[in-house]
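Residues: numbered from 1 along the sequence shown.
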Amino acid sequence: MNQLELKAEATEEEIQKLVQYVRTLTNHSLPDDYLEFLRLSNGATGHGPDLFVNLPGGEGVAELTVGYGVAEYFPGLIIIGSDGCGNLIGVDLTTSSSQDCKYVLFDCIDLDREHPICVAETFVDLLKKI
């Protein structure tokens, strides 16, 4: 976590706008742990010997998800960032239990449900593993 450059926290209005967008697009809710992160920091950049990640925050989530046309290829996936190596970081909102993998990596060119890389069940674990 000490390699993350945090941004200002998201307002409740920004969070609710994102929650509504995601619910409209997928009929699912974002994980509580990701929403808590946004309350702490509306995005972050991680750079260091063990980490590179770009998490653009609420507004960027909508732009990435729409920009990559994710709904067409992987309904229920929301893109929350990238790892700087050509992989998109997503939240699979179609998982039904806490033991399913929620946070996944995708090659930005191969958005196919057959090719996600399971990364973590929680947002904190995601940050530890990328």
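Atom CG of Leu6 is separated from atom OG1 of Thr45 by 9.5 Å, given to the nearest 0.5 angstrom. Rounding to the nearest 0.5 Å gives a distance of 11.0 Å between CG of Asp107 and SG of Cys85. Separation of atoms CG (Leu38) and CD1 (Ile15) is listed at 5.5 Å; rounding is to 0.5 Å. Rounded to the nearest 0.5 Å, atoms OG1 (Thr11) and CG (Asn42) are 8.0 Å apart. The CG atom of Asp83 sits 6.0 Å away from the CD1 atom of Ile89 when rounded to the nearest 0.5 Å. The CG atom of Leu55 sits 12.0 Å away from atom CD of Glu5, with the distance rounded to the nearest 0.5 Å.
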Could you please spell out the steps behind the side-chain contact (heavy atoms from CB on, under 4.5 Å) verdict for Ile117 and Phe106?
CA-CA 6 Å; Ile117 299 168; Phe106 274 90; over 6 Å; no

Could you walk me through whether Leu77 and Thr26 satisfy the side-chain contact (heavy atoms from CB on, under 4.5 Å) test, starting with their C-alpha distance in whole Å, then the side-chain angles of each, then the deciding distance to 0.1 Å, before giving a yes or no?
CA-CA 8 Å; Leu77 179 76; Thr26 69; over 6 Å; no

Kindly determine whether Val70 and Ile78 satisfy side-chain contact (heavy atoms from CB on, under 4.5 Å), including the steps that lead there.
CA-CA 7 Å; Val70 171; Ile78 298 296; over 6 Å; no

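Separation of the Tyr68 and Tyr73 ring centroids does not fall under the 6.0 Å cut-off.
Proximity of Tyr21 to Val66: side-chain heavy atoms (C-beta onward) are separated by under 4.5 Å at one or more points. For the pair Pro31 and Val91, the minimum side-chain heavy-atom distance is below 4.5 Å.
The two residues Phe37 and Ala44 come nearest to each other via the heavy atoms CZ-CB, 3.9 Å. Nearest heavy-atom pair across Phe52 and His47 is CD1-CB, 4.2 Å.
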Donor-acceptor pairs under 3.5 Å, side chain of residues 56-65 to any protein atom, not counting sequence neighbours: which ones?
| residue | atom | partner | partner atom | Å |
| --- | --- | --- | --- | --- |
| Thr65 | OG1 | Val61 | O | 2.9 |
| Thr65 | OG1 | Ile79 | N | 3.0 |

May I have the list of side-chain donor-acceptor pairs in residues 123-130 shorter than 3.5 Å, sequence neighbours left out?
| residue | atom | partner | partner atom | Å |
| --- | --- | --- | --- | --- |
| Asp125 | OD2 | Thr122 | OG1 | 3.2 |
| Lys129 | NZ | Val119 | O | 3.2 |

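Proximity of a side-chain donor or acceptor of His28 to a complementary backbone N or O of Leu93 within less than 3.5 Å is detected.
Residues in residues 7-31 take part in these salt bridge (Lys or Arg N to Asp or Glu O under 4.0 Å) pairs, two or more places apart or across chains: Glu12-Arg39.
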